[in-house]
Colleague: 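Questions regarding the structure given below will be posed in turn.
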Amino acid sequence: MTSTNDIRRGFLDYFGSQGHQIVPSAPLVPQNDPTLMFVNAGMVPFKNVFTGLESRPYTTATSSQKCVRAGGKHNDLDNVGYTARHHTFFEMLGNFSFGDYFKEQAIVHAWTLLTREWGLSPDKLTATVYHTDDEAFDLWKKVAGLPDHRIIRIPTKDNFWSMGDNGPCGPCSEIFYDHGDHIFGGPPGSPDEDGDRFVEIWNLVFMQYEQEDAEIVGNLPKPSIDTGMGLERIAAVMQGVTDNYDTDTFKALIAASGALTHTATDGANTASHRVIADHLRTAGFLIADGVLPASEGRGYVLRRIMRRAMRHAHILGAKQPLMHRLVPALVTEMGAAYPELSRARPLIEATLQQEETRFRQTLDKGLKLLDEATTGMTDGTLAGDVAFKLYDTYGFPYDLTEDALRERNIAVDREGFDTAMAEQKRAARAAWKGSGAKASDDIWFDIVEQTGGTEFLGYASDTGEGEVV
Ligand code: ATP
Ligand code: MG
Ligand code: MG
Ligand code: MG
């Protein structure tokens, strides 16, 4: 069996041998884009190279980029534990051409690596193209010999990429692997495409147009290539399993979680162990890159992820904080490829332990309240003010409550939650004014509202919760 670590190495070596500069992963906190919460694709650290703002001593590159998709435009948080192929943290393998090679060579590289170097059966592969991209359609026939019915034209935004309203954009072509008809799901573009049978493994983006205010205004002088392949997905394929969580890395993390909680890792426990393994990686890598749990912004996303994992540890019956005890397994699996993880190990362990110790103080009471509020409910909606109380008094991030009720088909009244939050802010503001404070303090409240800091007002719980992002 080829290990995930060997697959990562093999990818970089292949493109290295084809003249690409091997570039280490950038940190998860974007260095060049304040609008982005976390790096969520391999191309992010190269954005300025693609737009021409920055030049590098090479025109082709390859990387394995740490990515987090747990908020904003790409939010896969709610998928974790429920699909075989989504994580909040994953590694994106990529090859990039900055005005060097274009469409044909990108397809040749992808096809050569998958079918020749790695020996995947061409019969298992399907490609999509943007519906108007005849050039890509013809290249898939010419280069790969794919029959027409396995080159699927997709008319949606899924197959058209852009950097925003301004800058490079272009069609993309996605490669799907068919795990077989024993798995539910249909080919891309079909009604059942969201199943786990046909899994998107690799996205090739052909940057060829220039956009201004969301309108294509011309061709790029130097068309470029950006590709992204999910390491965990290709590892599943190459290890002959149909589920990312059955690959070597995840099996080791899940085994550790099973051993420490003395629980079976299958059956009813499956989702909990998966959430724990996934969130352990995300928390570990975020902390290693300098993010700490907080009541707002990036730190609040981290806190939400940590607490969600901690609820699942509680479901498994863990009587003591669990997450920090899993860090050694994480370092064993991934520390060689990412030395920052080994270096930050003491900080990761201390942060997880402190957060879990703190959260466990209110978790039980919160869950009891949630149980009482939903006794006898088989579906329907939890009132927003209950969700708010859970948040405010017991430190339950909104999405944790949602996740806790999801398996029972109960929704949460988001609007009611927001109203309760707004009402509390209003009351706090009134109380503040009533205390004889000067009008200029209003400005302070505006700032607080904009930034989401609430702890100072004292109405947030002792668990230090703040704004929901
Ligand atoms: P999907 O449609 O499956 O959500 P995507 O189209 O959002 O994937 P891209 O933005 O094209 O994904 O990212 C490139 C590649 O990164 C994908 O082809 C996939 O292999 C991988 N990938 C994307 N999101 C995730 C995730 N949440 N977990 C693991 N791998 C992912
Ligand atoms: Mg997606
Ligand atoms: Mg997709
Ligand atoms: Mg895609």
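Keep in mind that this is a model prediction, so the values were computed, not measured. Ligands are counted one by one from 1 in listed order, and the atoms in each one are counted from 1 as well. Residues take their numbers from the sequence shown, with the count starting at 1.
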Colleague: Is it the case that the side chain of Asn159 and the backbone of Cys172 share a donor-acceptor pair, with hydrogens and angles ignored and the cut-off at 3.5 Å?
Modeller: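 Side chain of Asn159 to backbone of Cys172, a donor-acceptor pair under 3.5 Å: yes, one is there.
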Colleague: When you measure from the Mg ion (ligand 4) to each N, O or S atom of Glu174, which atom gives the shortest distance?
Modeller: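 The closest N, O or S atom of Glu174 to the Mg ion (ligand 4) is OE2.
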Colleague: Can you confirm whether the side chains of Ser257 and His273 place a donor and an acceptor under 3.5 Å from each other?
Modeller: yes
Colleague: Near Trp202, which atoms of ligand 1 are under 4.0 Å from a heavy atom of that residue?
Modeller: 18 (O)
Colleague: Tell me, which protein residue and heavy-atom name are nearest atom 22 (N) of ligand 1, and how many Å apart are they?
Modeller: Phe90 CE1, 3.5 Å
Colleague: Within 45° of the ring axis of Tyr130 and under 6.0 Å from its six-membered ring centre, is that where the NZ or CZ of Arg153 lies?
Modeller: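 Relative to the ring axis of Tyr130, which defines the angle, Arg153 lies outside at least one limit.
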Colleague: Would you say the rings of His86 and His74 are close, in the sense that their centroids are separated by under 6.0 Å?
Modeller: no
Colleague: Assess Arg197 against Phe184: is NZ or CZ under 6.0 Å from the centre of the six-membered ring, and within 45 degrees of the ring's axis?
Modeller: no
Colleague: Using a strict 4.0 Å cut-off to heavy atoms of Glu174, name the atoms of ligand 1 that fall inside it.
Modeller: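 Per the distance check, 6 (O), 11 (O).
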Colleague: Could you tell me if Asp413 and Thr381 have a donor-acceptor pair between their side chains, going purely by distance under 3.5 Å?
Modeller: no
Colleague: In terms of atom number and element, which parts of ligand 1 are under 4.0 angstrom from non-hydrogen atoms of Asn203?
Modeller: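 Per the distance check, 11 (O).
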Colleague: When you measure from the side chain of Thr88 to the backbone N and O of Val68, does any donor-acceptor pair fall under 3.5 Å?
Modeller: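 Side chain of Thr88 to backbone of Val68, a donor-acceptor pair under 3.5 Å: no, none is there.
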Colleague: Examine all N, O or S atoms of Glu200, backbone included, and report whether one is under 2.8 Å from the Mg ion (ligand 4).
Modeller: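 It does: Glu200 brings an N, O or S atom closer than 2.8 Å to the Mg ion (ligand 4).
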Colleague: Specify side chain, backbone, both or neither for His86, according to which of its non-hydrogen atoms lie closer than 4.0 Å to ligand 1.
Modeller: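 Under 4.0 Å from ligand 1, His86 contributes backbone and side-chain atoms.
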Colleague: Pull out every atom of ligand 1 sitting under 4.0 Å from any heavy atom of Ile201, numbered as shown with elements.
Modeller: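 In order of number, 18 (O), 20 (O).
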Colleague: Below 4.5 Å, heavy atoms only, C-beta onward: do Leu326 and Leu253 meet side chain to side chain?
Modeller: no
Colleague: To the nearest 0.1 Å, how far is atom 27 (N) of ligand 1 from its closest protein heavy atom, and which atom is that?
Modeller: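 In this structure, atom 27 (N) of ligand 1 has Asp76 OD2, 2.6 Å as its nearest protein heavy atom.
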Colleague: Which residue holds the protein heavy atom closest to atom 19 (C) of ligand 1, what is that atom called, and what is the gap in Å?
Modeller: Arg233 NH1, 3.4 Å
Colleague: Taking the basic N atoms (NZ, or NE/NH1/NH2) and the acidic carboxylate oxygens, is any pair closer than 4.0 Å for Asp399 and Arg304?
Modeller: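 The answer is yes: the pair qualifies as a salt bridge.
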Colleague: Please tell me if the side chains of Val301 and Arg298 come closer than 4.5 Å, counting only heavy atoms from C-beta onward.
Modeller: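 Side chain of Val301 against side chain of Arg298, heavy atoms only: no contact under 4.5 Å found.
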Colleague: Considering Gly94, Cys172, Gly230 one by one, which has a heavy atom nearer to atom 20 (O) of ligand 1 than any of the others?
Modeller: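 Comparing heavy atoms across Gly94, Cys172, Gly230, the nearest one to atom 20 (O) of ligand 1 lies in Gly230.
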Colleague: Do the side chains of Pro321 and Gln354 get nearer than 4.5 Å, heavy atoms only?
Modeller: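 Counting from C-beta outward, Gln354 and Pro321 never come under 4.5 Å.
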Colleague: Report the part of Asn244 in contact with ligand 1, treating N, CA, C, O as backbone and CB onward as side chain, heavy atoms under 4.0 Å; options are side chain, backbone, both, neither.
Modeller: neither
Colleague: Using distance alone, decide if ligand 1 has a nitrogen or oxygen within less than 3.5 Å of any nitrogen or oxygen in His87.
Modeller: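 Such a contact does occur with ligand 1.
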Colleague: Which of the numbered atoms in ligand 1 are below 4.0 angstrom from a heavy atom of Met92?
Modeller: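 Contacts of ligand 1 toward Met92, numbered from 1: 13 (O), 14 (C), 16 (O).
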Colleague: Would you mind telling me if ligand 1 is within reach of the side chain of Arg69, the backbone, both or neither, using heavy atoms under 4.0 Å?
Modeller: side chain
Colleague: So which protein heavy atom does atom 14 (C) of ligand 1 come closest to, and at what separation?
Modeller: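 Nearest protein contact, heavy atoms only, for atom 14 (C) of ligand 1 is Gly228 O, 3.5 Å.
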Colleague: Name the closest protein heavy atom to atom 18 (O) of ligand 1, giving the residue it belongs to and the distance to 0.1 Å.
Modeller: Glu200 OE2, 2.8 Å
